[in-house]
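Here's the structure we're looking at; comments come further down.
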Amino acid sequence: MASEQGKFTTTSGIPIEQIYVPDHVSEMNPKTDMGLPGEYPFVRGVHPTGYRGKLWTMRMFAGFGAAEDTNARYKYLLEHGETGLSVAFDYPTLIGLDTDNPEAKGEFGKCGVGISSLADMEILFDGIPVDKITTSMTINGPAAVIWAMYIVAAEKRGVPMEKLGGTIQNDILKEYQAQNSYIFPPKPSMRLVVDTLEFGSMHLPRWNTISISGYHIREAGSTAVQELAFTLANGLAYVEAAIERGLKIDDFAPRLSFFFNSHNDFFEEIAKFRAARRIWAREMKERFGANERSQWLRFHTQTAGCTLTAQQPENNIIRTSLQALAAVLGGTQSLHTNSMDEALALPSEKAVLTALRTQQIIAHESGVVNSVDPLGGSYMMETLTNQIEASVYEYFDRIESVGGVLDGIEEAFFQREIADAAFRYQKQIETKQSIVVGLNEYELDEPITIPLLRIDEEAQRRHLDRLSRLRTERNNEKVGSCLGRLRDAAKGTENLMPYILEAVREYATLGEVCDAFRDVFGVHQPVSRF
């Protein structure tokens, strides 16, 4: 983009030179070494063979309406070449409410699938080989409860937990910073996160018990540098909390994963991914003495939902293609491509298939997978990578100066930084300093003609009927006893996962388990410091 002074910068404000030469790279800090793919500090990738050895997992984020509807969409995607599942939950589920809670009225199935109980989870994955397919679940406040439902649903089908592979997002810190889908205050929420890290390291060796997410930080309006700095700072805070619990770094760190946004600035995004690996490797090695496997930064990428326009929605196919290509050239392990209609509605079958085909064409027709880190050594790429890294460390110093991540949340440091960046970007669009094709330039006055998905109103009735029957047919005395033991455990310091699993096995609902925690932990009440 061009600045008001006619200079060119990235979306983070990093100046872009007209041409790059070796001096641009050599003048940077010598600590920013490059190495080879598969070698420390892993800036060129964590595997020496890159995609020549294995393609990224094609994992389309999907969920809408009742469990039956989403189950059908998952089977459709798997039939057309998807290689991993990714679950989107509706808002009541995200904040730990059952669908029949009065506060959930009108929100069922609108932004994801509604899950109120183990019965819903069993239907959601009916007929899907959970021991062969990895599943990613975007859930944070009630992550431990939803994870328990997935574990028990598999267990009832004869699949032991040690055979399950996948990811729960479980990144509560970014909820306070950007997305606001929290339930409990930060300290008990961090306890639940560490409980899952500990339980997973002991019982689910193939499961990533946290996906430290920059995606939602970026969607809230941050720059690429802020996304990376805040995400890595959050990751380091989780590591410190786990070590404080008594966990050994190399027992849990290999199962940490990350989740990044791929935005419009093509070269900045690739440099961001490369800088992320180097910073994480260095911090894990030098700060914590972690082994090589624990130094790997593995990440999932989603193309930028905030860049999609309701105007001329077909243009979103091109945006998504460029963003997906940046993620691949940046070395992502897993990728979701947004659908062209997502600024208007949940993705239709046709739109989501086009989005999946975008990944498949990049993988099989473009040739970019044939060489590991093909942009490595580019004067521009290495300079941008170094500049982003230097800017991230400047943010680390600022975060430390406000007392760390938790104190920074209390002081609204992150919230202010993101809000200021979002405001600046909006002004650039309004003044046409940044051009968005079809929105503030090259507009067309034409109706939307693409087919849009409509939620079946009957789906909510089926879901509520199932929930009502469950409350009648289960052993409510056992449910009450389990919830009582869970409350008592929450008052102490024990790992809560065994108690959550016990309650879920008796079909305690999501809302009931979260209410037990609300009784003990309370709910988070943010204080505005703007």
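Judged by distance alone, the side chain of Tyr176 and the main-chain N or O of Pro185 form a donor-acceptor pair under 3.5 Å. Checking side-chain atoms of Glu219 against main-chain N and O of Ala178 turns up no donor-acceptor pair under 3.5 Å. When atom types are taken as modelled, the side chain of Asp120 and the backbone of His463 share no donor-acceptor pair closer than 3.5 angstrom.
Residue Ala119 comes nearest to Arg466 through the heavy atom pair CB-CD, 4.3 Å, listed as atom of the first residue, atom of the second, then distance. In plain terms, the two heavy atoms of Ala66 and Arg462 that are nearest each other are CB-NH2, 4.2 Å.
Counted within 6.0 Å of CD on Glu103, heavy atoms from surrounding residues, nucleotides or ligands total 12 or fewer; the atom is thus considered open.
Ring pair Phe517/Phe521 is parallel by interplanar angle, where below 30° counts as parallel and above 60° as perpendicular. Ring orientation note: the planes of His336 and Phe61 are nearly perpendicular, at an angle over 60° on the 30°/60° scale. Between His203 and Phe199, the two ring planes are tilted [angle within 30° to 60°].
Among Leu452, Ile450, Thr449, Leu308, the single residue meeting the side-chain contact (heavy atoms from CB on, under 4.5 Å) criterion with Pro313 is Ile450.
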> Can you check side chain to side chain contact (heavy atoms under 4.5 Å, CB included) on Trp207 and Ile151, steps first, answer last?
Replying inline: CA-CA 11 Å; Trp207 198 277; Ile151 291 169; over 6 Å; no

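The ring-ring contact (aromatic ring centres under 6.0 Å, His included) test applied to Phe230 returns Tyr395, Phe414, not counting sequence neighbours. Taking the ring-ring contact (aromatic ring centres under 6.0 Å, His included) definition, one finds that Phe273 meets it with Phe299, sequence neighbours left out. Annotation: side chain to side chain donor-acceptor pair (under 3.5 Å) contacts of Lys350 (sequence neighbours excluded): none. In terms of the side chain to side chain donor-acceptor pair (under 3.5 Å) criterion, Ser321 has no residue partners (sequence neighbours excluded). The ring-ring contact (aromatic ring centres under 6.0 Å, His included) search around Tyr507 returns none, not counting sequence neighbours. In this structure Glu268 satisfies the side chain to side chain donor-acceptor pair (under 3.5 Å) test together with Thr10, Thr11, Ser12, sequence neighbours excluded.
Looking at Asp488 and Tyr499, their side chains never bring a donor and an acceptor atom within 3.5 Å of each other.
A salt bridge is defined here as a Lys NZ or Arg NE, NH1 or NH2 lying under 4.0 Å from an Asp or Glu carboxylate O, and Arg474 with Glu512 meets this definition. Contact check on Arg505 versus Glu502 returns no salt bridge, with no Lys/Arg side-chain nitrogen under 4.0 Å from an Asp/Glu carboxylate oxygen.
A 4.5 Å side-chain heavy-atom check between Lys105 and Pro102 finds every atom pair outside the cut-off.
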